[in-house]
Amino acid sequence: MTVRTRFAPSPTGYLHIGGARTALYSWLHARKHGGQFILRIEDTDRERSTQESVDAILEGMNWLGLDYDEGPIFQTDRFDRYAEVIEQLIEQGDAYKCYCTRDELDEMRETQRANKEKPRYNGKCRDRKDIPTDENGNPLDSVIRFKNPLEGDVVIDDMIKGEIIINNRELDDLIIARTDGTPTYNLTVVVDDLDMEISHVIRGDDHINNTPRQINMITALGKDVPKFAHAPMILGDDGKRLSKRHGAVGVMQYRDDGYFPQAVLNYLLRLGWSHEDQEIFSREEMIDLFKVENVNGAASTFNTKKLIWVNEQYIKTLPADEIAQHLQWHLDNQGLTIVEGDDYPALNDVIDAHRDRAKTLVELAAGIRYYYQDFESYDENAAKKHFKTATPAILQNLLDKFRQIEAWNADNIAAEIKNTCDELALGMGKVGPALRVAVTGTAMSPSLEITLDLIGKKRSLERLEKAVEFATAKYAD
RNA sequence: GUCCCCAUCGUCUAGCGGUUAGGACACCGCCCUUUCACGGCGGUAACCGGGGUUCAAGUCCCCGUGGGGACGCCA
């Protein structure tokens with residue numbers, strides 16, 4: 001059997017983290033078995049579906065690298081097909097017109113709730129033969145309901161949750177077509193999953209309750225039931241379901257915050273699934289090792305600190321070229337233009353010098369500014385702390401020695417720094433910090449010889465000259 | 001309220017009848033160190049409660065409790 005999975009979001013918002021995880025699971029399952037992954041946009045609710053959301057979902061999928069073999073398929077393009085199936089169900093006697101008004105239904109539900117019952121349609125029109133009309137003789141508005149079996153159990157053999165048994169008495173006759181004739185969710189999923197020959201339906205467990213209804217419809221249509229896998233929800237830090245209020249931001253926010261798509265995927269994968277003690281998985285390993293059956297049945301809490309840690313692992317180990325690719329967006333975003341050339345270091349070298357000091361691409365981009373752009377002023381706290389009365393003399397001494405360096409490299413720079421320390425009988429602790437502030441404008445950087453090497457001789461000397469001036473002026477009066 | 005799902009360190013998890021209950025994040029020490037980091041070493045920390053079943057239960061069963069979900073002419 002060919003494995004065919006799908007991700008079927010409704011375009012009523014961005015692609016959020018929970019959706020991204022079920023998409024990932026679906027995608028992995030298809031890739032693992034050499035099958036197809038289909039993207040279907042469930043936009044039958046025309047009121048709430050927007051093009052903007054469609055774009056956001058596509059952008060998110062693309063950023064995460066979850067490529068699909070078919071789609072995006074829009075349900076609104078398939079209304080004829082749904083009408084056909086609805087007609088078939090009516091003809092078979094498995095669906096019927098219901099003339100109950102919204103008010104009647106509301107009242108029914110209210111009464112049931114008051115009686116501590118589960119609110120559900122009472123089947124009033126189920127066996128109705130007449131066609132009620134208004135005062136002008138026109139038929140009343142009606143919806144189409146599916147005739148759900150009255151007795152018996154529906155058994156879901158869920159790949160994640162195990163066997164779930166629901167009695168048909170818990171179900172009611174759901175609406176499959178609205179007054180305006182448009183089909184509803186439960187009907188469209190069934191038709192689409194069948195038509196698209198989906199073998200494995202992997203989705204959030206908030207759909208478990210819909211599953212028995214869908215199985216009943218599939219059975220009524222005489223088709224085979226696909227395998228189901230219901231993945232648990234992701235909860236926010238407060239233990240509540242992740243919602244917009246609780247930080248359920250769109251996946252693109254994670255790009256903006258400086259995460260690698262691969263890190264987000266890795267984090268999402270490990271949230272609710274594990275393989276021995278492994279934490280970091282390459283794309284290939286994910287595909288190779290993932291098994292839906294091993295997905296944890298319990299909901300899990302999203303933890304940003306762990307995501308950051310995962311991201312750090314990627315920033316530490318990814319090839320500089322690849323980091324540079326992802327970094328570019330942030331450089332642009334932060335208005336920093338990289339000009340590699342005679343007086344400027346290669347971006348890859350800078351990345352290698354800084355990769356252990358940044359948790360996110362945002363930090364990385366911000367931390368490398370001084371290699372490519374002169375600073376106007378010194379970090380206030382840094383200057384205050386490290387520019388002392390003795391500083392001008394120290395910096396001048398360094399400056400004199402640096403000028404003599406013919407081959408500007410880390411070894412030679414380190415040697416001259418040491419010479420200055422020896423000559424002035426000062427420890428590195430007295431010389432280093434001032435030098436660092438002088439050439440970077442900040443109190444943090446990689447080790448000095450590397451930093452100076454990257455900044456280059458020309459600009460290192462210029463900055464030192466400026467710093468001598470600044471520090472001298474500071475203690476002039 | 002009714003139905004469904006779930007339950008091991010604060011968090012993510014391993015465990016599938018007999019373990020000193022393992023790993024990771026976070027946190028706390030120590031070490032390394034010119035800064036910021038990285039790294040190394042060590043530590044604190046968990047089987048929701050009660051009944052069973054069994055020689056033996058974190059592991060199986062039942063009942064509670066707690067959390068989540070569903071109950072739309074939303075998906």
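Order of the sequence lines sets the chain letters (A, B, ...), proteins ahead of strands, with each chain counted from 1. Quantities reported herein were computed from a predicted structural model and do not represent experimental measurements.
Counting any heavy atom pair closer than 4.0 Å across all strands shown, A:H230 reaches no nucleic acid atom. Here A:K116 lies in heavy-atom contact (under 4.0 Å) with sugar-phosphate atoms only. Within the nucleic acid shown, A:E117 comes within 4.0 Å of at least one base atom, counting heavy atoms only. Nucleic acid contact class of A:E363 (heavy atoms, under 4.0 Å, all strands): none. Within 4.0 Å of A:P446, counting heavy atoms only, lies at least one base atom of the nucleic acid.
Listed candidates were B:U35, B:G68, B:C71. Nearest to the side chain of A:M444 is B:U35. Set against B:G68, B:C73, B:A75, the side chain of A:L105 has B:C73 as its closest nucleotide. Taking only side-chain atoms of A:K305, from C-beta outward, the nucleotide of B:C25, B:G68, B:A70 with the closest atom is B:C25. Across B:C38, B:U34, B:C5, the shortest atom-to-atom separation from the side chain of A:R436 is found for B:U34.
Judged by closest nucleotide on RNA chain B, A:W309 is the one of A:Y185 and A:W309 placed further toward the 5' end.
Side-chain N/O atoms of A:N210 and base N/O atoms of B:A75 include a donor-acceptor pair closer than 3.5 Å. Residue A:T179 places a side-chain atom within donor-acceptor reach of the base of B:C73, judged by atom type and a 3.5 Å distance cut-off alone. Looking at A:R357, its side chain comes within 3.5 Å of the base of B:C36 through a donor and an acceptor atom.
In this structure, B:C9 forms no base pair with any nucleotide, since neither Watson-Crick nor G-U wobble geometry is met with both distances under 3.5 Å. If you check B:C36 for Watson-Crick or wobble pairing at under 3.5 angstrom, you find it has no partner at all. The base-pairing partner of B:C3, taking Watson-Crick or G-U wobble contacts with both distances under 3.5 Å, is B:G69. When both pairing distances are held under 3.5 Å, B:G42 makes a Watson-Crick or G-U pair with B:C28. B:C47 is unpaired under the criterion used here, namely a Watson-Crick or G-U wobble arrangement in which both key atom distances are under 3.5 Å.
Of the C1' atoms belonging to B:G58 and B:A21, the separation is 8 Å, rounded to the nearest Å. Taking atom P on both B:C55 and B:G66, the two are 35 Å apart, rounded to the nearest angstrom. Separation of the P atoms belonging to B:C48 and B:A7 is 10 Å when rounded to the nearest angstrom. Comparing B:A70 with B:G64, their P atoms are spaced 24 Å from each other, to the whole Å. Rounded to whole Å, the separation between the C1' atoms of B:C5 and B:U44 comes to 34 Å. For the P atoms, the distance linking B:C60 with B:U19 amounts to 16 Å, nearest Å. With both ends at atom C1', the span from B:G22 to B:C47 equals 13 Å, rounded to whole Å. Separating the C1' atom of B:C4 from that of B:A45 is a span of 33 Å, rounded to the nearest Å.
Between the side chain of A:R463 and the backbone N or O of A:A438 there is no donor-acceptor pair closer than 3.5 Å. Remark: the backbone N or O of A:I38 is not paired with any side-chain donor or acceptor of A:R6 at under 3.5 angstrom.
Checked against salt bridge (Lys or Arg N to Asp or Glu O under 4.0 Å), A:D195 has the following partners two or more places apart in sequence or in another chain: A:R78, A:R81. With sequence neighbours excluded, the residues forming a ring pair (Phe, Tyr, Trp, His ring centres under 6.0 Å) with A:Y25 are A:F290, listed by chain and number. For A:D173, the side chain to side chain donor-acceptor pair (under 3.5 Å) partners two or more places apart in sequence, or in a different chain, are A:Y96, A:R126. For A:K124, the side chain to side chain donor-acceptor pair (under 3.5 Å) partners are A:E104, not counting sequence neighbours.
Sorted by first and then second residue, the pairs that involve residues 166-195 of chain A and meet ring-ring contact (aromatic ring centres under 6.0 Å, His included), not counting sequence neighbours, are A:Y185-A:H207.
Atom CD1 of A:I368 and atom C1' of B:A37 are 16 Å apart (whole Å). Rounded to an integer number of Å, the gap from CD1 of A:I413 to P of B:U34 is 17 Å. Atom CD1 of A:I156 is separated from atom C1' of B:C4 by 9 Å (rounded to the nearest Å). One interatomic measurement links the two molecules: CZ of A:R46 to C1' of B:A75, which rounds to 15 Å at whole-angstrom precision. Rounded to a whole Å, the CD1 atom of A:I280 is 13 Å from the C1' atom of B:G23. Put simply, CD on A:E312 is 6 Å from P on B:C38, counting in whole angstrom units. When rounded to the nearest whole Å, the span between CG of A:D205 and P of B:G69 equals 9 Å. We find that CD1 of A:I166 is positioned 17 Å from P of B:U2, with the value rounded to whole Å.
Considering only side-chain N and O atoms, A:K316 lies under 4.0 angstrom from the phosphate OP1 or OP2 of B:G39. Distances shown here put every side-chain N or O of A:R355 at or beyond 4.0 Å from the OP1 or OP2 atom of B:C38. Proximity of A:R109 to the phosphate of B:C73: a side-chain N or O atom is located under 4.0 Å from OP1 or OP2. Taking side-chain N and O atoms only, A:T44 has a distance below 4.0 Å to OP1 or OP2 of B:A75.
Here the closest heavy-atom approach between residue A:V431 and residue A:C421 is recorded as CG2-SG, 3.7 Å.
Each of A:T184, A:L105, A:I175 was scored for a side-chain contact (heavy atoms from CB on, under 4.5 Å) with A:V143, with one residue passing: A:I175.
With rounding to the nearest 0.5 angstrom, the CG atom of A:D379 is 7.5 Å from the CE atom of A:M444.
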Generate the contact string for nucleotides 10-15 of chain B. Rules: B means base contact, S means sugar-phosphate contact only, - means no protein heavy atom under 4.0 Å. -SBSS-

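With a glycosidic angle no further than 90° from 0, B:C38 counts as syn.
Counting only N and O atoms by type, the side chains of A:Y314 and A:H326 include no donor and acceptor under 3.5 Å apart.
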